[in-house]
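Let me begin by presenting the structure, written as structure tokens, before commenting on it.
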Amino acid sequence: MSELYTASGSKVHAHKADIFCRDETRVDWHSKALWALREKRDRAAGSLPEWEQLRLLGSQLKLHTLSHLAQYLEQFEQQCLSNGIKVHWANDAQQHNEIVHGILAKHKVKKLVKSKSMLTEECHMNPYLERHGIEVVDTDLGERIIQLANMPPSHIVVPAIHMKKEEVGELFHQQLGTKAGESDPLYLTRAARAHLREKFLTADAAMTGVNMAIADQGAIVVCTNEGNADMGANLPKLQLHSMGIDKVVPNMDSVGVLLRTLARNATGQPITTYSSFYRGPQEGGEMHVIIVDNGRTEMMKDKILAESLKCIRCGGCLNTCPVYRRSGGYSYNYTIPGPIGIAVGAKHDDTNSIPWACTLCGSCTYVCPTMVPLDKIIAHHRRLKADAKRLPYGKGGYMPLVGRFMASETLMNTSMSAARLALRVLPGSLLKPFSGAWGKYRELPVAPESSFASWYNKNRSR
Amino acid sequence: MSNKHTILSALKQSALDQHAMPTIDVVANNDDLVGQFNASLNTVAGTLHSEGGLAALQQAVDELIQQNMQVISLLDGIKGNRQVPETAHDLADIDYAVIPGDLGVAENGAIWVNQPSHRVTPFICENLILALAKDNIVANMHQAVKQVSLQPGELGLFIAGPSKTADIEQALVVGAHGACSLNVYLY
């Protein structure tokens, strides 16, 4: 199985998925939990006659912003400054972490309460700050669960979706002292509430992600259901917010459109419980915004990849993806899993395998609230890997042959009739090994009597 | 070159074509806004009190105080039993906070709240009560964002129901970190 590993020891998607698939009951449970989210999303979307219009508007306004990004980022910075918000720029993850640490060190921060931010995950900020002696407390319940379990998120909206309540109960029993064997979600949530309230009240600083940054207001919008971002940002006098350059939108009207689709597409709620607009620090407080590139301007140089920056991180594409649902968030070699994770993470995947963790069914593109053409982007990543001669595990060897084979009508026709004959006369046990991984969980097909071409010539060709 | 200039100059190599800002022209459903708002508020686990107005609210507050609850009111004309403290952290034992809502949104049950004194008040209180004028309900978010007030330096927010989570096996639990219940009084 050595071809499944890279020099650095990462495993290809199929191998990691295989590990997840060993427990079939759990896979079914995982798939159903996510499909339930997709169904809620469908009901919420279906309740708005203007849903498709909103998707189109979302796409258009994000494309407009991205095509005028420098202008909007400058406007955003100017407006922030005039509202008393300090603005920092970071080219990459390292600079981001240094800037954050610099601010925290200046204020002698010992304890930081943090709400969900995929960007800080992308930058691996928590371990960086911990190395510098700062306690980082993730406060979103799902994030806190996986932080206590010492795991990364397996989903961008529901980060502990892979864990069963009994496992959370055991974890809380070990770490928070809840009753042994207790796994009731209400009981566990209340225990986490009490545990984290103490953290909020004693924190020196708070950090959140940014759902939208409004250029003409110099304000940031943070959306949560739990209220953890706001409990954090409004108790200590120091608040930090990290955002990718792609988070900026022109104005309040744009926010109006995206807030209508974000939560509906994520969990089927009409809106998150809290959508908070910070247009400056609290009285006597300090507010910092860190604007991060970390590879985004590089993506903008490719017209197809650039469209992945329209994403508003609702997670809808993960919930609908047949591969994600049955391979789990840890099978992708990137912080963000699922279709959007492939779109923005394929270039970081040293196994070069995640663009193939996709059937190209297009369901993700169909549900996306800003019409990110995810299947097109994923297919494009395959092309980029091929062009760079970085096809994964053997594909580089046989794909050119397959190409030549598919391009030749004679070769194709001859071998297909041989295959039909073989399927009819030879025993399955003899043929099965030739089907490779495909045949592992499938029966061989029943051979049709003739090829489609000859059937068509006989029946329809007139 | 500063980080900012590196980023802005890298953007000059963007491959994206220029796209115009779309016109946002979405038809609003203006039928029975209070009814729509009520239905949406139920969906997000909030409770509407549409009869009795502010008098009913004061009566409810009085009853809470009789039950030894700690009630703070930021709404003119409604009297609680706690004053706004010096520091935000002293709000940690507040059972009920009464806060004025500026605008309600029929399509999702959200209510705009603007710059409460001690910003943490609507989140840290155990239970939240918002008061909203009947005439201040709009159909959808497109209308709402045009009408809300957000001055430089301020915090403004939409609140839709009590805080909630479904992070443990997708089971909905009301009362995560913010308020555990939301009651809305229409006047």
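Letters A, B, ... mirror the listed sequences (proteins, then strands); counts begin at 1.
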*Report the residues that fulfil side-chain hydrogen bond (donor to acceptor under 3.5 Å, both in side chains) with A/Glu52, sequence neighbours left out, ordered by chain and then residue number.*
A/Arg55
Where [X] and [Y] come nearest, the two heavy atoms and their spacing:
| X | Y | value |
| --- | --- | --- |
| B/Leu155 | A/Ser276 | CD1-CB, 4.1 Å |
| B/Gly161 | A/Thr273 | O-CG2, 3.2 Å |
| A/Trp89 | B/Asn3 | O-ND2, 2.8 Å |
| B/Met21 | A/Pro250 | SD-CG, 4.1 Å |
| A/Pro270 | B/Val44 | CG-CG1, 3.7 Å |
| B/His89 | A/Leu201 | CD2-O, 3.2 Å |

*Under 4.5 Å, heavy atom to heavy atom, which residues of residues 177-187 of chain B contact chain A?*
B/His177, B/Gly178, B/Ala179, B/Cys180
Region of [X] in contact with chain A, defined by heavy-atom distances below 4.5 Å:
| X | result |
| --- | --- |
| B/Ser40 | neither |
| B/Asp90 | neither |
| B/Glu154 | backbone |
| B/Gln115 | neither |
| B/Val173 | side chain |

_Top contributor to chain B contacts, counting heavy-atom pairs under 4.5 Å, from A/Gln95, A/Gln79, A/Met163_ =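 Winner by heavy-atom pair count: A/Gln95.
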*Between A/Glu77 and chain B, which part of the residue has a heavy atom less than 4.5 Å away: side chain, backbone, both or neither?*
side chain
*asked:* Please classify the contact between A/Ala194 and chain B as side chain, backbone, both or neither, with a heavy-atom cut-off of under 4.5 Å.
replied: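 No part of A/Ala194 comes within 4.5 Å of chain B.
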_Between the side chains of A/Asp230 and B/Arg119, is the shortest nitrogen-to-carboxylate-oxygen separation below 4.0 Å, so that they form an ion pair?_
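Salt bridge between B/Arg119 and A/Asp230, a charged N being under 4.0 Å from a carboxylate O: no.
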*Applying side chain to side chain donor-acceptor pair (under 3.5 Å), run through B/Gln18 and A/His68 and close with a yes or a no.*
CA-CA 7 Å; B/Gln18 298 284 299; A/His68 298 78; 3.1 Å; yes
